[in-house]
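Some notes on the structure that comes next.
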Amino acid sequence: MATAPVSSLTGVTVEFLEFPAIVTPPASSGKSYFLGGAGVRGLTINGQFIKFTGIGVYLEDKAFPSLASKWNGKTQDELFNSIDFFRDIIKGPYEKLIRGSKILPLEGAEYVRKVSENCVSHMKAVGTYGEAEAEAVEKFIQIFKPHNFPIGSSVFYLQSPSGTLTISFSDDGTLPESVAGAIENKALSETVLETMIGEHAVSPALKQNLASRLAPLF
């Protein structure tokens with residue numbers, strides 16, 4: 001069960017997408033994850049902001065005391081502007097479950113091209129990209145290529161502290177029973193989340209929501 005402060009969290013709505021406060025994956029033996037925050041990912045095209053995806057970041061229950069012990073007393077602005085805060089989430093010794101749901105339809109090949117480019121760029125910049133990472137990225141690409149993502153469909157990433165990245169697909173926002181693939185590479189696993197909430201995040205709205213929801217609880 002979630003600790004008392006976490007159990008008071010509510011869900012978040014991003015456009016028409018509902019991100020519940022607590023999720024329990026199928027076959028998880030009762031393990032639950034709380035919604036740290038959710039926000040939109042989009043791009044400005046010809047002067048207009050186009051929303052493509054809603055992203056929710058869920059954390060294993062034990063993440064709360066781990067984060068609160070360090071960030072207690074910080075304001076939401078201090079959290080939002082702290083690279084270290086988001087880096088603690090990315091590298092924390094607990095599981096993270098990321099849900100990306102489509103606001104606009106996307107082809108799997110196009111989606112994974114952009115995600116993999118962002119991941120490779122980051123890993124090269126910080127010096128964690130090598131032969132093993134190149135192989136992991138290629139496996140990542142192959143998992144996504146056969147799929148297309150209509151409006152409302154979701155991609156789920158489950159990240160373990162050891163570095164396993166498990167990928168699942170769903171026609172809606174519910175967690176599926178089956179797994180599409182798993183990749184054993186800590187650098188890639190962490191970088192997927194880094195591109196979403198790190199220093200050069202694709203979703204500032206997600207970072208803002210994480211800070212605004214967690215600061216009062218800390």
Side-chain angles (χ1 to χ4, degrees), residues 9-21 23 25 33-59 80 86 89-90 95-123 137 140-159 165-176 178-181 183 188-214:
L9 285 172
T10 59
V12 173
T13 301
V14 178
E15 296 297 298
F16 58 87
L17 303 168
E18 300 290 339
F19 291 85
V23 295
Y33 303 81
F34 69 89
L35 181 63
V40 69
R41 176 188 180 178
L43 290 172
T44 300
I45 301 174
N46 297 326
Q48 183 178 3
F49 185 70
I50 307 298
K51 301 171 183 177
F52 289 102
T53 308
I55 305 172
V57 174
Y58 289 85
L59 306 174
F80 178 71
F86 293 103
I89 294 176
I90 293 163
E95 292 181 358
K96 301 106 191 178
L97 178 68
I98 305 161
R99 170 187 155 195
S101 297
K102 308 312 170 200
I103 295 171
L104 292 179
L106 289 172
E107 293 184 353
E110 176 63 18
Y111 170 84
V112 77
R113 180 188 67 80
K114 189 61 178 176
V115 173
S116 60
E117 284 178 357
N118 288 343
C119 288
V120 169
S121 177
H122 174 77
M123 287 188 287
V137 169
F140 183 80
I141 291 170
Q142 295 305 318
I143 290 172
F144 278 86
K145 267 189 173 179
H147 298 273
N148 290 316
F149 302 104
I151 293 172
S153 63
S154 300
V155 178
F156 289 92
Y157 302 100
L158 179 61
Q159 299 173 317
L165 179 66
T166 304
I167 301 167
S168 303
F169 303 120
S170 174
D171 291 335
D172 51 26
T174 59
L175 281 155
S178 60
V179 170
I183 302 170
L188 176 60
S189 180
E190 290 182 350
T191 301
V192 169
L193 185 53
E194 170 76 36
T195 63
M196 297 176 183
I197 64 171
E199 186 174 3
H200 305 290
V202 298
S203 180
L206 171 58
K207 294 180 67 173
Q208 185 66 65
N209 194 243
L210 276 161
S212 66
R213 283 167 61 84
L214 295 180

For the [atom1] atom of [X] and the [atom2] atom of [Y], what is their distance to the nearest 0.5 Å?
X: Y111; Y: L106; atom1: OH; atom2: CG; result: 8.5 Å
X: N118; Y: M196; atom1: CG; atom2: CE; result: 10.0 Å
X: F80; Y: N209; atom1: CZ; atom2: CG; result: 11.0 Å
X: K51; Y: S203; atom1: NZ; atom2: OG; result: 11.5 Å
X: I183; Y: I143; atom1: CD1; atom2: CD1; result: 4.0 Å
X: L193; Y: L165; atom1: CG; atom2: CG; result: 10.5 Å

Do [X] and [Y] come within less than 4.5 Å of each other through their side chains, counting heavy atoms only?
X: V115; Y: T195; value: no
X: C119; Y: L188; value: yes
X: V155; Y: F169; value: yes
X: I151; Y: K102; value: no
X: Y33; Y: L158; value: yes
X: I167; Y: Y157; value: yes
X: V57; Y: L206; value: yes

Say whether, by atom type as modelled, one donor and one acceptor occur between the side chain of [X] and the main chain of [Y] under 3.5 angstrom.
X: R99; Y: G56; result: no
X: K96; Y: I90; result: yes
X: K145; Y: G108; result: no
X: S170; Y: L175; result: no
X: R213; Y: A38; result: no
X: Y58; Y: P20; result: yes

Are there more than 12 heavy atoms of other residues, nucleotides or ligands under 6.0 Å from atom CG of D172?
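Counting other residues, nucleotides and ligands, CG of D172 exceeds 12 neighbours.
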Please check if atom CD in E107 has more than 12 non-hydrogen atoms from other residues, nucleotides or ligands closer than 6.0 Å.
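Result for CD/E107: open.
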Kindly give the heavy-atom pair with the smallest separation between [X] and [Y], and that separation in Å.
X: S116; Y: V137; value: CB-CG1, 4.0 Å
X: F16; Y: I103; value: CZ-CA, 4.0 Å
X: E194; Y: E199; value: OE2-N, 3.5 Å
X: S168; Y: S178; value: OG-O, 3.4 Å
X: I89; Y: L59; value: CG2-CD2, 4.0 Å

NZ/NE/NH1/NH2 to OD/OE distance under 4.0 Å, K114 and E110:
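Judged by the 4.0 Å cut-off on N to carboxylate O distance, K114 and E110 do not form a salt bridge.
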Parallel, tilted or perpendicular: which one describes the rings of F140 and F144, with boundaries at 30° and 60°?
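Plane angle between 30° and 60°, so tilted.
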